[in-house]
Amino acid sequence: MFHLTLSQVAVTVPVSSDLSLRRSAFKAPNLNFWDKSCSPVLTLDLKANSSRLRSQNVVCMSVQQASVPKVSVSPLDLEDAKETPLNLYKPKEPYTATIVSVERLVGPKAPGETCHIVIDHGGNVPYWEGQSYGVIPPGENPKKPGAPHNVRLYSIASTRYGDFFDGKTASLCVRRAVYYDPETGREDPSKNGVCSNFLCNSKPGDKIKITGPSGKIMLLPEEDPNATHIMIATGTGVAPFRGYLRRMFMESVPTYKFGGLAWLFLGVANSDSLLYDDEFSKYLKDYPNNFRFDRALSREQKNKKGGKMYVQDKIEEYSDEIFKLLDNGAHIYFCGLRGMMPGIQDTLKRVAEQRGESWEEKLSQLKKNKQWHVEVY
């Protein structure tokens, strides 16, 4: 993360083609800009890379010069495409990419493990924010002997420029799927998720077969840079929204100057389960008029009825404001487990009825106006 303070020293290095040096820019809690003249390209975690940095050209940046704490991106011709990139690589002819890094995102008290995985596609599999990649795990399909595994889709958790702002990587947010026998309580590796465990177990330099990109439903509409975007996620469903928010608040994109409102609702089990929280908290601090962030922690917070706090409870808490924003043209997005939608729909229907409105009619109008975006799995 980028912190514009004078209390600590920061270093930046040019983006290297060496995969061992190309660490994820989302995780740099110890970095700040120092008061000397320089120009950052990529920031690296000091502790993890101190020995490597001795041979690099260290540069810094003046706080006075850093009037806008945004990062330059390239190549800018990624903005020129008139058509959405779709299915450039198909299951029968996937692209072989390279794992750059795999980092655990959650704390020790989080139920389960979620990883941030950076993939180097060399600029050969371009995508837009809100799209997905398919991943074909290695091995044989147990249901089709001799055939490869089926494709698993994952929402991309970075902008088209990737975590290193050079258009050559994409990031995935993956929760390891683990099965526990209900009788013994022990893990049964034979029933664990094949693809999620392959991804979370990967090491830098490993090869990965990807397809896509796919999907148009979750593309970020950019016709109106002052629009309102309400984003509702559970767990790894936050992936596309991380891409949106990096584009809005972290990257300096000449063709997209966001001046609207982005409002993120994220539902997870507890504080240790929060994903990209440092990143989102930084936007909240730097852009208080353009970003709102509400967390629903089901194991730590209570709703107004004394039950567990879920995202639909947060939506109900702000329902009047949300409905007014929707009436004024706001886009609303939902991403996460399929099971999140019935509770959210019931809440929205109840709120609509309390307002004397028909939810069915309102939903139909939202879909007609292309304000309603849903991607669940």
Could you walk me through whether K70 and D286 pass the salt bridge (Lys or Arg N to Asp or Glu O under 4.0 Å) test, one step at a time?
CA-CA 11 Å; K70 290 192 174 184; D286 290 348; over 6 Å; no

Determine whether more than 12 heavy atoms belonging to other residues, nucleotides or ligands lie under 6.0 Å from atom NZ of K362.
yes

Who are the side chain to side chain contact (heavy atoms under 4.5 Å, CB included) partners of P148, not counting sequence neighbours?
I136

Would you say that more than 12 heavy atoms from the other residues, nucleotides or ligands in this model lie under 6.0 Å from the NZ of K304, or not?
no

Indicate yes or no for a side-chain donor-acceptor contact from D166 to the backbone of G162 under 3.5 Å, with no hydrogens or angles considered.
no

Within the side chain of N290, is there an N or O that forms a donor-acceptor pair under 3.5 Å with the backbone of G260?
yes

By side-chain hydrogen bond (donor to acceptor under 3.5 Å, both in side chains) - contacts of R355 (at least two apart)
D320, E357

For L337, what are the other residues in its hydrophobic cluster, where any two members join if their side-chain heavy atoms are less than 4.5 angstrom apart?
Y377

Audit row: Y318, W263, ring pair (Phe, Tyr, Trp, His ring centres under 6.0 Å) steps and yes/no
CA-CA 11 Å; Y318 294 101; W263 192 352; 5.3 Å; yes

Go through Y287 and F258 one step at a time and tell me if the ring pair (Phe, Tyr, Trp, His ring centres under 6.0 Å) criterion holds.
CA-CA 11 Å; Y287 300 93; F258 182 67; 9.0 Å; no

Can you tell me if S252 uses its side chain to pair, donor with acceptor, with the backbone of V71 under 3.5 Å?
no

Give a yes or no on whether the backbone of V125 and the side-chain of Y133 come within a donor-acceptor separation of less than 3.5 Å.
yes

I'd like to check the side chain to side chain contact (heavy atoms under 4.5 Å, CB included) partners of L219; sequence neighbours left out, ordered by chain and number.
T84, W128, Q131, K216

How about E360: does its CD atom have over 12 heavy atoms from other parts shown lying under 6.0 Å from it?
yes

Spatial distance of atom CG (L275) from atom SG (C173) [nearest 0.5 Å]:
5.0 Å

May I ask you to decide if K90's main-chain N or O and N87's side chain share a donor-acceptor pair within less than 3.5 Å?
no

Results of side chain to side chain contact (heavy atoms under 4.5 Å, CB included) for K92 - residues two or more places apart only:
none

Could you check, using the six-membered ring where one of them is a Trp, whether H229 and F241 have ring centers closer than 6.0 angstrom?
no

For R160 and L78, indicate whether the former's side chain and the latter's backbone hold a donor-acceptor pair under 3.5 Å.
yes

With S196 via side chain to side chain contact (heavy atoms under 4.5 Å, CB included) - residues at least two apart:
Y154, V174, A177

Enclosure of K209 NZ (heavy-atom neighbours >12, cutoff 6.0 Å)
no

